[in-house]
Every structure is written in structure tokens, then in C-alpha cells.
Amino acid sequence: MRDSPTSAAFSGAVCVRFAPSPTGYLHLGGARTALYNYVFTRRHGGIFILRIEDTDLSRSTDEAIAQIVTSLSEMGLDWDEGPGKPGSHGPYRQTERHHIYAEHVRRLRDDGWLYPCFCSAEQLEAERQRAQAEKRSWVYGGACRELSSGEAERRIAAGEPWTLRFRVPDGVTSFHDMLRGPVEVDNDTIGDFIVQRSDGTITYNLAVVVDDVTMEITHVIRGDDHISNTPKQILIYRALGAPVPSFLHMPLLFGTDKKKLSKRHGATQLEQLTAMGYLPEVVRNYLCFLSTEFDESMIGWTLADLVDRFDVEQLGRSASIFDPDKLRWMNARYIRELDAAALGERLVEYLTRAGFYGDPQRWVAPDVAPIPGTAVAPEPRQEELTRAVAPLVQEKIELLSDVAGLAAWFFHPLRLHGDALERLRGTAGARQTLQAAAAGLSALEGWHLEGVEALVRGLPTQLEVKPKAVFAALRLGMSGQTVTPGLFESLWLLGREDAVRRLEAAASLL
RNA sequence: GCCCCCAUCGUCUAGUGGCCUAGGACGCCGGCCUUUCAAGCCGGUAGCACGGAUUCGAAUUCCGUUGGGGGCACCA
């Protein structure tokens, strides 16, 4: 039973944010969160803010921020306000918002919501251990809760380290999740939590709320690992006298072992996937369609389609597992639906980025790691060849990188290595087939696909060799491989001179 | 331990009390087609976590159990 969309309750403009912390790379789960936020806002004509949660300075890096920006751009997402896009709700990095937090802390403290606590971390840890040992639940006992302000001030003045805690009121805190309906939590399971550390910095739960309030966020869309934080945050909203936004906690993305997606799961970053030959828009759509009903016609959806046809509020509630097989199938499907010229374009772009043109003969598709800076621009001839190869491989590749296994041989002279040579030697009538084909091709009038095909098709009867053997010999002799694009097309694309040269070279090895 | 969230084929899911002998897709297996490999088409494999209750009737509602996940941080 799904509750009716809460958006109806919001008459004003929708405003959402994506707030990654740049402590590492943005993985697919984060990308998915960003996507849903984006689609939701655009769908409601709202604005999308990118905020960088870098409160943990020691673990935040500029490279991580750059990577996040790259990932989002690859999926086609743009933001109305955020890094590189100043607006009325800035600044957009938490490290630049200290004055805002300070001001709100002062307000909360003046209103009696916050109190200084002098309990040391060790002391609290010990209490926690003891509670654990006695199988009791533990929340902060409030030893400092009733300290008189006079005493507190005296101890602060005396230089004792202190933190600021939020005074959690009695009662029950509840909210309505857009996906899950009502969620209710008893406040005494929460316990007064720390809001300002002894070094004066602010804690996550306070920072998000202050940011969301000041940025006028109306809908918070994030992973369901935040559900248990929500009541604390709501308490802060109320203490601040600010309107509480709507919440939508989306199901998490797991690896094949049903654990939250992490580096251990192989390629879990958009850049890794695109380096391996997945198309970013396919990954984007795949991510979007997890937790929801999916049909093939959706594979080719554009971002605009997503915006007006995809409803985040229809999402399922349980975590889903990232399935590389299905993604691969989608990618193949998408490639087949591209028009050949577009595929050629993608192939050139991909092979350039992947450094293929530097050494086509030895190039190997990346497995998991992102491509390092190895881009090599194609020579005009290579680029032309790539575009010409595109329609020949379109039905056969699943990933852009698969083109190499199928067609790299076009890019370098014939190499018949041991295995292939053995096979060729074992193919009935190989030598005469190759010679006859070479002779036939050089004598061919004009150079058309139809002519090449007619010639090759005539060979079996002419030579009295089984068709299978003829085709096998030619395929091997032309490419050194057993798997290639269509035989006629390949010979034709090689051009008369190169085709003949290869077949003759192969024949001479027998 | 306490609190919260979740639970249909291996995976993504349809299913809102009778239309369910549980449907589709990926994967896997087999067949057809075929110059290889694919693609395509056809067929097969496999699931309501368990136990109670409500009901004429439950995958669907309620309660418990189990399992998974998250939180209980001077992490975000």
C-alpha cells in the first residue's frame, strides 16, 4: 500500500540537494542518489543544489570533488547551485559555512536546547562497554544535563574540555517517509547527542539540518541508512522552529554478497565502468531502474525521458543488488539500437580515451581500474577505419571495448600465431582456398561487397571444398582469428590490396 | 544488547483478498536459423523465509519467529 505523494503537501517550489562527502570516490550508490534527486526536482520544476559535505577535512580531497563532478556530468546531471555555480544559498562547502553553524548553535544554546558536557570520551566509552556487558541498551545518561550554568561556566573557564549536547525532549518523534509511510521512534532511545565537538567543530546531524534549513530544502532524498538519523534531525528542525522537509529514504545498492557496495565489489565507480566500455547513459538508466519494474523499451531513455516518465515515489523499498550481467545485456541492447554513425563516434571516442590507437596490436581492455591518462588520438586512417568497422561489429559487441577482440586485427598487419596457424594447417584445402581467393579477388572487376561475396560463395563448388572449411580458411588467413565480423564485409573493408596481401601471406606459411 | 528498516525464482521485479496452476526480464540450459562467434526467434530451469491468526478464500491483512541491512560515535 503506497501513500499518496507527499508533494501535494508542498505548495511552494521544490528544492533538493545532493550532498556527497568527498572522502573517497563517488560509487554507484551515491550516483544513484544524485540521479533520483535530480529526476525528482526536474520533474517538479524545482532546483537542484550540489553541496559538498567536507566537514571531515582530514579525509576530504579536491580530487574526490573533481571526480564527483565528473561522474555527475557523465550522467548528464547538472545543478542549479553548487561548486562552480554560485547562487543565493551558498557557500556550498561545509568548510566555508562555519559562521552559519556558529550562529545557529548560539541560537539553540540561547533557547536552552544545548548544554555543555564535560564527560570524557574514555569515560563514556567505559559506560557503553559496561552497558553492553550487562546487555542493557545505552544512551547518554545525562550526567551533565542538569549542571547549573554557573558551574558549567566555571569549568569551561578552568579549561576543562567540553562538548555541546542536544537536549532531547521526552515523547515520540515520527515522520512520514514518502516510500515507507509512518516511522515512529521513542525519544528515550535517542539520548542527548553531541552537536559540537570539543574542538569547536560541528557534528554531522547538526550540520545537515542547518544546511538544509538555510538552503530551504523541501525534500530530502537519500539512502535508507539515514533513517535512524532522521528523528534526531527532526528534533533539531523543531528546536530551530524551521519547517520539516519531506523525506524519501531510497533502498540501498548492494554488491553480489548483499553487502553495501564498496571497493571490494570490483568496478563500482562510474568511471571504471565507462573505462571498461559501458556507456554512461546505460549505467545511469540501469541505476535508475533498480528497485522498480523495468522493460526493454526503457533502455534507450534519455535523461529527459527519465524526468518526465520516471517516478521516484514508485520505487520499491528493499535493497537491490548490482548485477553486472544485466548491465552488460542492457549495454549490448543499447549499442544495437544506436545508429551506425553514432556507434562509430562512440567507438572513436572510447578507443582514443583508452589509448587503443597507440598500439592496437597489444591493447587490452581494462578490467576494473579506471583508465589512467593514456589517451592517444587516432591517425586519420585509424579513425576512418574505426567508423567503417562500427556497422560490422554492432550486432556482436556488448561493451565498446569488445570491438578490440573482434576487429583490432584490421589495425595491424596479419599475424598468424601458433594456435591460429595450427588451425589453418588443419583446415581442409586451406592452401588452395587462400590462393584461389587471392587470385579471384585481384581479378575482380571493381570492388564491391556484392562482388566479394559472390566470389567467396562460388569457391566451395569451384574448389570442391566444404563451405565451412572455405570460410574458416579465409577467416583465419585474413585475420589470424576464428572470430571476426562477417567474412565478406571484412574482406571488402580491408580493400583489395590488403586483402590479397594477407591471404597470400597466409598461404605462404602453409 | 537496544532501536529502526527490509523480506516473491540465483538477480531485477509484477502482484493492493478470489483473475495466481504466482507473470515478465537478466543469467543458465536446450532447439531453430547460420560461414564462425554473436544477434534474433522458440522452449526449459527456478521463487511467495517460517509459524500462527483473520477470512468462504491470503503472496497480498495482523501478530510472532527467523534472516538480512542500518543506527545506537567528539564518522558522514
Side-chain angles (χ1 to χ4, degrees), chain A residues 1-2 19-23 53-56 59-60 94 117 119-121 124-125 128 131-140 161-165 177 179-180 183-186 188-191 193-205 207-208 223-232 249 251-252 254 256 258-260 286 289-296 316-330 332-333 336 393-398 402 405-406 456-457 459-460 466-476 479 481-488:
Chain A
M1 192 66 58
R2 196 58 51 82
S21 68
T23 52
E53 304 210 326
D54 58 352
T55 33
D56 189 357
R59 295 199 295 149
S60 302
Q94 289 189 327
C117 170
C119 302
S120 72
L124 295 169
E125 185 51 34
R128 202 173 299 134
Q132 185 80 293
E134 292 167 19
K135 303 193 177 214
R136 283 184 291 111
S137 66
W138 186 85
V139 291
Y140 177 66
W162 55 284
T163 61
L164 239 29
R165 281 186 188 271
D177 188 279
L179 244 34
R180 297 156 212 274
V183 178
E184 216 180 65
V185 172
D186 204 322
D188 55 43
T189 63
I190 299 178
F193 52 93
I194 291 176
V195 121
Q196 186 182 83
R197 303 183 185 95
S198 49
D199 65 359
T201 58
I202 238 62
T203 255
Y204 169 74
N205 281 118
V208 241
D224 70 18
D225 51 341
H226 283 285
I227 290 179
S228 3
N229 284 324
T230 308
K232 288 180 194 167
H249 290 100
L252 256 23
F254 287 164
T256 28
K258 298 182 197 267
K259 294 270 159 52
K260 209 166 151 181
Y286 172 77
F289 300 142
L290 281 171
S291 299
T292 202
E293 186 165 25
F294 160 83
D295 86 90
E296 285 180 27
R317 292 170 296 261
S318 53
S320 30
I321 292 171
F322 174 66
D323 179 4
D325 282 336
K326 187 131 182 186
L327 213 209
R328 173 184 295 268
W329 167 80
M330 270 179 72
R333 201 69 197 206
R336 272 176 266 135
V393 298
Q394 185 159 25
E395 297 279 284
K396 297 169 186 281
I397 61 176
E398 295 187 295
D402 291 339
L406 223 43
V456 174
R457 284 205 188 276
L459 254 23
K466 284 189 174 160
K468 241 182 156 97
V470 168
F471 290 116
L474 294 181
R475 185 179 309 281
L476 242 11
S479 66
Q481 306 190 162
T482 52
V483 179
T484 68
L487 185 55
F488 319 127

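Each chain gets a letter, A, B and so on, in the order its sequence line appears, and its residues count up from 1. Note that these values count all heavy atoms, side chains included, but never hydrogens, waters or copies made by symmetry.
Heavy atoms of A:Glu184 sit under 4.0 angstrom from primed sugar atoms or phosphate atoms, though from no base atom. Using a 4.0 Å heavy-atom distance criterion, A:Ser21 is classed as a sugar-phosphate-only contact. Among the heavy atoms of the strands lying under 4.0 Å from A:Leu290 are primed sugar atoms or P, OP1, OP2 only; no base atom is included. At a threshold of 4.0 angstrom between heavy atoms, the contacts of A:Lys468 are confined to the sugar-phosphate backbone, with no base atom among them. Heavy atoms of A:Cys117 sit nowhere under 4.0 angstrom from any nucleic acid atom.
Summarising the base pairing, B:C2 is matched to B:G71 through a Watson-Crick or G-U wobble pair whose two defining distances lie under 3.5 Å. Base pairing of B:C48: no nucleotide in any strand meets the Watson-Crick or G-U wobble criterion (both distances under 3.5 Å). For B:G40, the paired nucleotide is B:C32, the pair qualifying as Watson-Crick or G-U wobble because both relevant distances are below 3.5 Å. Pairing for B:U16 is absent, judged as Watson-Crick or G-U wobble with the two contacts each under 3.5 Å. When both distances must be under 3.5 Å, the Watson-Crick or G-U wobble mate of B:G57 does not exist. Look at B:A22: it lacks any Watson-Crick or wobble partner with both distances under 3.5 angstrom. Of the nucleotides present, B:U66 is the one that pairs with B:A7 by Watson-Crick or G-U wobble criteria, both distances under 3.5 Å.
Heavy-atom minimum distance, A:Arg336 versus A:Glu395: CG-OE2, 3.5 Å. The minimum heavy-atom distance between A:Leu406 and A:Gln481, with the atom names listed, is O-NE2, 3.7 Å.
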Between A:Asn205 and A:Thr203, is the side chain to side chain donor-acceptor pair (under 3.5 Å) condition met? List the steps. CA-CA 6 Å; A:Asn205 281 118; A:Thr203 255; over 6 Å; no
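For A:Ala472, the side-chain contact (heavy atoms from CB on, under 4.5 Å) partners at least two apart in sequence or on another chain are A:Thr427. Remark: A:Glu296 engages A:Arg333 in a salt bridge (charged side-chain N to carboxylate O under 4.0 Å, His left out) (not counting sequence neighbours).
When each of A:Asp177, A:Asp224, A:Asp225 is checked for a side chain to side chain donor-acceptor pair (under 3.5 Å) with A:His249, only A:Asp177 meets the rule.
B:U54 and B:C63 have their P atoms separated by 15 Å, with the value rounded to a whole Å. If you take atom P in B:C62 and the same atom in B:G47, they sit 26 Å apart, rounded to whole Å. Only the P atoms considered, B:G43 is 39 Å distant from B:G52, to the nearest whole Å. Distance check on atom C1': B:C50 versus B:U66 gives 7 Å, rounded to whole Å. Here, B:C48 and B:A7 have their C1' atoms 10 Å apart, quoted to the whole Å. To the nearest whole angstrom, the two P atoms, one in B:U11 and one in B:G69, are 14 Å apart. Remark: the separation of the P atoms in B:U8 and B:U13 is 9 Å, to the nearest Å. Taking atom P in both B:C3 and B:U65, the straight-line distance is 11 Å, to the nearest Å.
Rounded to a whole Å, the NZ atom of A:Lys466 is 17 Å from the P atom of B:U34. Following rounding to the nearest Å, A:Arg328 (CZ) and B:C28 (P) show an atom-to-atom distance of 10 Å. B:A25 atom C1' lies 7 Å from atom CZ of A:Phe294, rounded to whole Å. The distance from atom CD1 of A:Ile194 to atom C1' of B:A73 is 8 Å, rounded to the nearest whole Å. Taking atom CD of residue A:Glu296 and atom C1' of nucleotide B:A25, one finds them 7 Å apart after rounding to whole Å. Protein atom CZ of A:Arg457 is 6 Å distant from nucleotide atom P of B:U35, rounded to whole Å. Following rounding to the nearest Å, A:Leu476 (CG) and B:C37 (P) show an atom-to-atom distance of 14 Å. For the pair A:Leu406 CG and B:A38 C1', the interatomic distance rounds to 9 Å; values are reported in whole Å.
Of the candidates B:G23, B:C26, B:A76, the closest approach to any side-chain atom of A:Trp329 belongs to B:C26. Taking the side chain of A:Asn205 as heavy atoms from C-beta on, and the options B:C26, B:A76, B:C6, the nearest nucleotide is B:A76. Candidate nucleotides B:A14, B:C74, B:C5 were compared by shortest atom distance to the side chain of A:Arg180, and B:C5 ranks first. Of the candidates B:C6, B:U36, B:A76, the closest approach to any side-chain atom of A:Arg317 belongs to B:C6.
Interatomic distance, CZ of A:Phe488 versus CZ of A:Arg457, reported as 4.0 Å (0.5 Å rounding). In this structure, A:Ile202 CD1 and A:Ile194 CD1 are separated by 11.5 Å, a value rounded to the nearest 0.5 Å. From A:Leu252, atom CG reaches atom CG of A:Leu290 across 12.0 Å, with rounding to the nearest 0.5 Å.
Side-chain N/O atoms of A:Arg336 include one lying less than 4.0 angstrom from OP1 or OP2 on B:G40. Side-chain nitrogen and oxygen atoms of A:Thr292 include none within less than 4.0 Å of the OP1 or OP2 phosphate oxygen of B:U13. Of the side-chain N and O atoms in A:Ser320, one or more sit less than 4.0 angstrom from OP1 or OP2 of B:U13.
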Filtered N/O pairs between nucleotides 67-72 of chain B and protein, under 3.5 Å:
residue : atom : partner  : partner atom : Å
B:G70   : O2'  : A:Asp225 : O            : 3.0
B:G71   : O4'  : A:Ser228 : OG           : 3.2
B:C72   : O2'  : A:Trp138 : O            : 3.4

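Summary of the strand contacts: A:Val483 and A:Arg333 both lie near RNA chain B, and taking for each the nucleotide with the nearest heavy atom, the more 5' one is attributed to A:Val483. In terms of position on RNA chain B, the residue among A:Ser291 and A:Thr203 whose nearest nucleotide sits closer to the 5' end is A:Ser291.
Remark: side-chain polar atoms of A:Tyr286 are paired, donor with acceptor, to backbone N or O of A:Asp323 under 3.5 angstrom.
Between A:Phe289 and A:Phe294, the two ring planes are tilted [angle within 30° to 60°].
A donor N or O paired with an acceptor N or O is found under 3.5 Å between the base of B:C74 and the side-chain atoms of A:Ser198.
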